[in-house]
Amino acid sequence: MYISEFVAQTVVEEIGREIRENVNLMDQEGRIIASTDPERIGTLHDGARRVIREGLQELYITPDMETATTRKGINLPIAVRGETVGVIGITGEKERVAGYGNIVRRMTEIMIEDSLLRDKSRYDRRVRYRFMEEWIGKAGAVYDKSFVERGQRLGIDIAKPRRALVIHFARYQVLSDTMEGQRHLEEMEASIRHFADKEKDMLYLREPPRQICLVRTCPDGRMRELAQQIIQLIRRKYRESVLVGIDSGRAGDSQISHNCEEAEAAAGNCREGDREIVFYKELNVELFLDEVDGETMKKYVEKLFPHIDLKELESYMTMIAAYFENDGSVTRMADMLFMHKNTVQYKLKKLETLSGRDIRTPKGAAVYYMALSFYRKLCGSGVLGRNMSL
């Protein structure tokens, strides 16, 4: 049975801290693969070779038995799952280290067994991820019998209709630029995975920079509830924001790849703070925004709002967003914006004077909705503030 050097070094460092003695861990050949004394790593330990070769339960190296690579101390075999996998050694006087023997041996066996279980869990998870990646990637494909059976062996029934949640971390790019940030991301990913594992019939896939959760078909209300729970979990535990896109939930759609594409498109239109959950069915102009280049969007907004600064533009866009969010109700807009109704009416009239289009007409509403969508896209890409010349 193979013990990785990383696991071995973790074991000796932890035990060394507990007993405050020099500790070595030797493999089945008697080679020191981990030690609290870095200079000894890679050397052969004659005492460990004797323990393994002769099947000894304990070997104390006395001062007269010391060699260039073997020092006085106690050496004990390590058995995991009935197999001797190596030898643990504690350097020091017999009177001082003998009492640690069986405790250290058992600690080491438990730690190695635990690491093997974690390794198996990680391996099983990678196998599931590979299957799910293949499953999601089979756009329009017919699943053959062998593929269905592979899924069943992994506990995944691909015949069950499912919906998709796609999760983005709002600060993914910033966090991924540092080692500390990457560890932070891994912890958040693990929290979402544990959340999915606890939910009945939810599948999880880590596919950086996104996370995918596949949920047994359910109403929009339940999907929103799950999304809110994930958002609250990450906010409470890590003080970070996540953005969640949800598919359309069309009945009878058996292609999970299509559901994931919809959820990804929805996630791409989320905004931190005020629009952290977006359903695909809510998207309109946003569906083709990625096909319009930034320069064209910029010209469109400049044409509609000529000769104003960015602060004034932001004020108009806030008004436009409030108009659409409240279906044109001046009363509800006034409540949202903390304005008097007459002030709202005045600002809408001023908007018409500036652009020459009345937002309260169908034709005008279409123009302004497009402008608002372009503005948000430009803000998200960082174009505004750099080269916007309104």
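Computation of the quantities below employed the complete heavy-atom set of this structure, encompassing side-chain atoms and omitting hydrogens, waters and symmetry-equivalent molecules. All of these numbers come straight from a predicted model, not from anything done at the bench.
Under a 3.5 Å cut-off, the side chain of Ser315 and the backbone N or O of Lys311 do not form any donor-acceptor pair. Under a 3.5 Å cut-off, the side chain of Glu262 and the backbone N or O of Ser248 do form a donor-acceptor pair. At distances below 3.5 Å, not a single donor-acceptor pair connects side-chain atoms of Glu240 with backbone N or O atoms of Arg235. Between the side chain of Gln28 and the main chain of Thr84, a donor-acceptor pair closer than 3.5 Å is present. In this structure, Asn75 contributes its side chain and Val87 its backbone to no donor-acceptor pair below 3.5 Å. Checking side-chain atoms of Asn259 against main-chain N and O of Ala164 turns up no donor-acceptor pair under 3.5 Å. No side-chain donor-acceptor contact under 3.5 Å links Arg216 to the backbone of Asp201. Proximity of a side-chain donor or acceptor of Tyr300 to a complementary backbone N or O of Met370 within less than 3.5 Å is not detected. In this structure, Asp293 contributes its side chain and Thr296 its backbone to a donor-acceptor pair below 3.5 Å. Side chain of Thr36 to main chain of Val23: a donor-acceptor pair is present (N/O by atom type, distance under 3.5 Å, no hydrogens or angles).
Residue-environment remark: CZ (Arg49) stays at or below the threshold of 12 foreign heavy atoms within 6.0 Å. Enclosure of atom CD in Glu39 is not indicated, since only 12 or fewer non-hydrogen atoms of other residues, nucleotides or ligands lie within 6.0 angstrom.
Leu203 and Leu165 fall within the same hydrophobic cluster, defined by Ile, Leu, Val, Met, Phe, Trp and Tyr side-chain heavy atoms under 4.5 Å apart, directly or through other members. Hydrophobic clustering keeps Met65 apart from Leu44 (ILVMFWY residues linked when any side-chain heavy atoms are closer than 4.5 Å, directly or through intermediates). Each of Ile52 and Leu25 belongs to its own hydrophobic cluster when Ile, Leu, Val, Met, Phe, Trp and Tyr are linked at side-chain heavy-atom distances under 4.5 angstrom. A continuous path of Ile, Leu, Val, Met, Phe, Trp and Tyr side chains, each step under 4.5 Å between heavy atoms, connects Met188 with Val242, placing both in one hydrophobic cluster. Note on Ile90: it clusters hydrophobically with Ile112, by side-chain heavy-atom contacts below 4.5 Å among ILVMFWY residues.
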message: Run Gln211 and Arg193 through side chain to side chain contact (heavy atoms under 4.5 Å, CB included) and show every step you take.
response: CA-CA 9 Å; Gln211 324 290 303; Arg193 184 179 74 247; over 6 Å; no
Evaluation steps, side chain to side chain donor-acceptor pair (under 3.5 Å), between Gln228 and Gln232: CA-CA 6 Å; Gln228 289 171 335; Gln232 290 165 5; 5.4 Å; no
- request: Given salt bridge (Lys or Arg N to Asp or Glu O under 4.0 Å), test Arg130 with Glu133 step by step and report yes or no.
  value: CA-CA 5 Å; Arg130 283 198 294 270; Glu133 287 169 355; over 6 Å; no
- request: In sequence, state the C-alpha distance, the side-chain angles, and the governing distance for Tyr316 and Ser355, and then conclude on side chain to side chain donor-acceptor pair (under 3.5 Å).
  value: CA-CA 11 Å; Tyr316 279 121; Ser355 67; over 6 Å; no
query: Arg222 and Glu199: salt bridge (Lys or Arg N to Asp or Glu O under 4.0 Å), yes or no, with the steps?
result: CA-CA 12 Å; Arg222 176 57 179 160; Glu199 287 295 319; 2.9 Å; yes
field: Check against side chain to side chain contact (heavy atoms under 4.5 Å, CB included), Cys270 and His168
entry: CA-CA 9 Å; Cys270 291; His168 290 180; over 6 Å; no
- prompt: Given Phe324 and Ile359, is the side chain to side chain contact (heavy atoms under 4.5 Å, CB included) satisfied, shown in steps?
  reply: CA-CA 10 Å; Phe324 288 118; Ile359 195 172; 4.3 Å; yes
- prompt: How far apart are the C-alpha atoms of Glu180 and Arg183, what are their side-chain angles, what is the distance that settles it, and do they pass the salt bridge (Lys or Arg N to Asp or Glu O under 4.0 Å) test?
  reply: CA-CA 5 Å; Glu180 183 180 352; Arg183 285 194 294 270; 5.5 Å; no
task: Kindly indicate, with the supporting measurements, whether the criterion side chain to side chain donor-acceptor pair (under 3.5 Å) is fulfilled by Thr62 and Asp64.
output: CA-CA 5 Å; Thr62 60; Asp64 60 302; 2.4 Å; yes
- prompt: Taking it one step at a time, do Arg163 and Asp220 satisfy salt bridge (Lys or Arg N to Asp or Glu O under 4.0 Å)?
  reply: CA-CA 10 Å; Arg163 298 189 62 178; Asp220 285 350; 2.8 Å; yes
task: For side chain to side chain contact (heavy atoms under 4.5 Å, CB included), just list the numbers for Arg376 and Met297, CA-CA rounded to whole Å, side-chain angles, deciding distance to a tenth of an Å, and then say yes or no.
output: CA-CA 10 Å; Arg376 286 171 169 169; Met297 293 184 194; over 6 Å; no
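The aromatic rings of Phe131 and Phe147 lie parallel to each other, with less than 30° between the two planes, well short of the 60° mark.
Taking OG1 of Thr70 as the reference point, atom CD1 of Ile32 lies at 7.0 Å (rounded to 0.5 Å). Here the CE atom belonging to Met317 is positioned 9.0 Å from the CG atom belonging to Leu351, to the nearest 0.5 angstrom. Residue Ile192 holds its CD1 atom at 4.0 Å from CZ of Phe169, rounded to the nearest 0.5 Å. One distance of note links NZ of Lys347 with OG1 of Thr318; it measures 10.0 Å at 0.5 Å rounding. Distance CZ/Arg206 to CD/Glu189: 4.0 Å, rounded to 0.5 Å. Taking OG of Ser241 as the reference point, atom CD1 of Ile234 lies at 10.0 Å (rounded to 0.5 Å).
Ile15 has its side chain within reach of Met111: a pair of non-hydrogen atoms, C-beta onward, lies under 4.5 Å apart. Side-chain contact check for Ile41 versus Gln9: some heavy-atom pair is nearer than 4.5 Å. Proximity of Tyr323 to Leu372: side-chain heavy atoms (C-beta onward) are nowhere separated by under 4.5 Å. Side-chain contact between Arg71 and Asn24 is absent, with no heavy-atom pair separated by less than 4.5 Å. A heavy-atom distance below 4.5 Å is found between the side chains of Glu113 and Arg81.
Looking at Arg31 and Glu5, a side-chain N of the basic residue comes within less than 4.0 Å of a carboxylate O on the acidic one, giving a salt bridge. A salt bridge is defined here as a Lys NZ or Arg NE, NH1 or NH2 lying under 4.0 Å from an Asp or Glu carboxylate O, and Asp358 with Arg360 meets this definition. The pair Arg224-Glu282 counts as a salt bridge, with a side-chain nitrogen and a carboxylate oxygen less than 4.0 angstrom apart.
The shortest heavy-atom contact between His340 and Asn342 is ND1-N, 2.9 Å. In plain terms, the two heavy atoms of Ala371 and Leu304 that are nearest each other are CB-CD2, 3.6 Å. Here the shortest heavy-atom pairing between Tyr60 and Ile74 reads CD1-N, 3.7 Å. A pairwise comparison of heavy atoms in Pro208 and Tyr172 identifies CB-OH, 3.6 Å as the closest pair. Looking at every heavy atom in both residues, Met223 comes nearest to Phe279 through CB-CE2, 4.4 Å. Nearest heavy atom pair, residue Gln182 against residue Ser176, reads NE2-O, 3.0 Å.
Of the residues Glu58, Arg106, Glu109, the one that meets the side-chain contact (heavy atoms from CB on, under 4.5 Å) test with Leu76 is Glu58.
Taking Glu14 as the reference, nothing meets the salt bridge (charged side-chain N to carboxylate O under 4.0 Å, His left out) condition, with sequence neighbours excluded.
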